[in-house]
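Residue numbers start at 1 and run along the sequence shown.
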Amino acid sequence: AVGVPTLDLLGLAGKGAGVTSGRPRVAIVGAGPAGLMCALALADYAVDVVLLDKRAGTGEVSRALVASTRTMELLRRFGFEPAVRATAVDVDVSAWITYELSSGHGTRQPLGYPFGAVGDRVSPTRALWAPQHLWEPLLLQRLQTLPNVEVRLRCAHERGDDQRGL
């Protein structure tokens with residue numbers, strides 16, 4: 001076997017609380033939806049993960065109101081679909097196309113992600129109007145229970161006099 005040198009820029013070597021397998025560790029910077037999903041996927045493949053974020057937890061204000069079809073497929077894979085559906089708002093997203101708004105005559109035009117029968121042909125699940133700040137904590141809570149995941153919140157990386165949040 002060929003040895004691979006370790007690059008430990010974040011000072012993670014030997015500091016894993018509960019992460020002691022000796023396998024390579026992956027550091028994920030940011031506990032937003034992408035970082036949380038990435039950590040879940042890697043943990044599912046038995047990879048040791050250190051999840052770092054400058055915040056004290058997940059966001060309190062949504063930066064996205066829709067969980068896309070692909071996001072819902074991933075949430076479904078990890079068993080979160082029912083809980084995320086419980087946070088969803090029932091919205092029929094459409095535009096009204098008319099020459100004169102006061103006429104009351106026009107055509108409804110669906111917008112956005114595939115819904116209804118079209119959505120059923122695309123995926124076993126569908127996009128939801130589910131604010132991410134309501135379902136991100138579910139993912140973080142799960143990660144905090146996994147033996148091969150270490151979650152570090154309120155992290156900052158200092159370089160000289162310049163302090164940057166991770």
- Is there a donor-acceptor contact under 3.5 Å from the side chain of Arg63 to the main chain of Val61? yes

- Please say whether more than 12 non-hydrogen atoms of neighbouring residues, nucleotides or ligands are located less than 6.0 Å from CZ in Arg77. yes

- Query: Can any side-chain N or O of Gln132 pair as donor or acceptor with the backbone N or O of Ala64 at less than 3.5 Å?
  - Reply: yes

- Looking only at heavy atoms, what is the nearest atom pair of Ala83 and Leu138, with distance? CB-CD1, 3.6 Å

- Query: Heavy atoms, side chains only, cut-off 4.5 Å: are Met37 and Leu139 in contact?
  - Reply: yes

- Task: Examine distances only and state if a side-chain atom of Trp135 and a backbone atom of Thr87 form a donor-acceptor pair shorter than 3.5 Å.
- Result: no

- Item | Min side-chain heavy-atom separation Thr71-Pro33 under 4.5 Å | no

- Task: Kindly indicate whether a cation-pi arrangement holds for Arg142 with Phe78, taking the cut-offs as under 6.0 Å to the six-membered ring centre and within 45° of the axis.
- Result: no

- Heavy-atom side-chain proximity of Thr107 to Trp96 below 4.5 angstrom: no

- Message: Contact between Arg126 and Arg85 at the side-chain level, heavy atoms closer than 4.5 Å - yes or no?
- Response: yes

- Task: List the steps and the verdict of side-chain contact (heavy atoms from CB on, under 4.5 Å) for His105 and Glu100.
- Result: CA-CA 8 Å; His105 300 286; Glu100 190 175 306; over 6 Å; no

- Query: Quick one: does Thr58's side chain get under 4.5 Å of Asp53's, heavy atoms only?
  - Reply: no

- What heavy-atom pair brings Met72 and Val84 nearest, and what distance separates the two atoms? SD-CG1, 4.0 Å

- Message: Within the supplied structure, the quantity of interest is the number of heavy atoms (other residues, nucleotides, ligands) at a distance under 6.0 Å from Ile97 CD1; does it exceed 12?
- Response: yes

- Task: Apply the test side-chain contact (heavy atoms from CB on, under 4.5 Å) to residues Leu143 and Leu40: give CA-CA distance (whole Å), side-chain angles for both, the deciding distance (0.1 Å), then the verdict.
- Result: CA-CA 7 Å; Leu143 287 167; Leu40 279 168; 3.7 Å; yes

- Item | salt_bridge(Glu60, Arg55) N-O dist < 4.0 Å | no

- Query: With Ser123, which residues qualify under side-chain contact (heavy atoms from CB on, under 4.5 Å), at least two apart?
  - Reply: Thr69, Glu73, Thr125

- Query: Does a side-chain heavy-atom distance below 4.5 Å link Ile28 with Val49?
  - Reply: yes

- Message: Is there a path of hydrophobic side-chain contacts, each under 4.5 Å between heavy atoms, that joins Leu74 and Leu134?
- Response: no

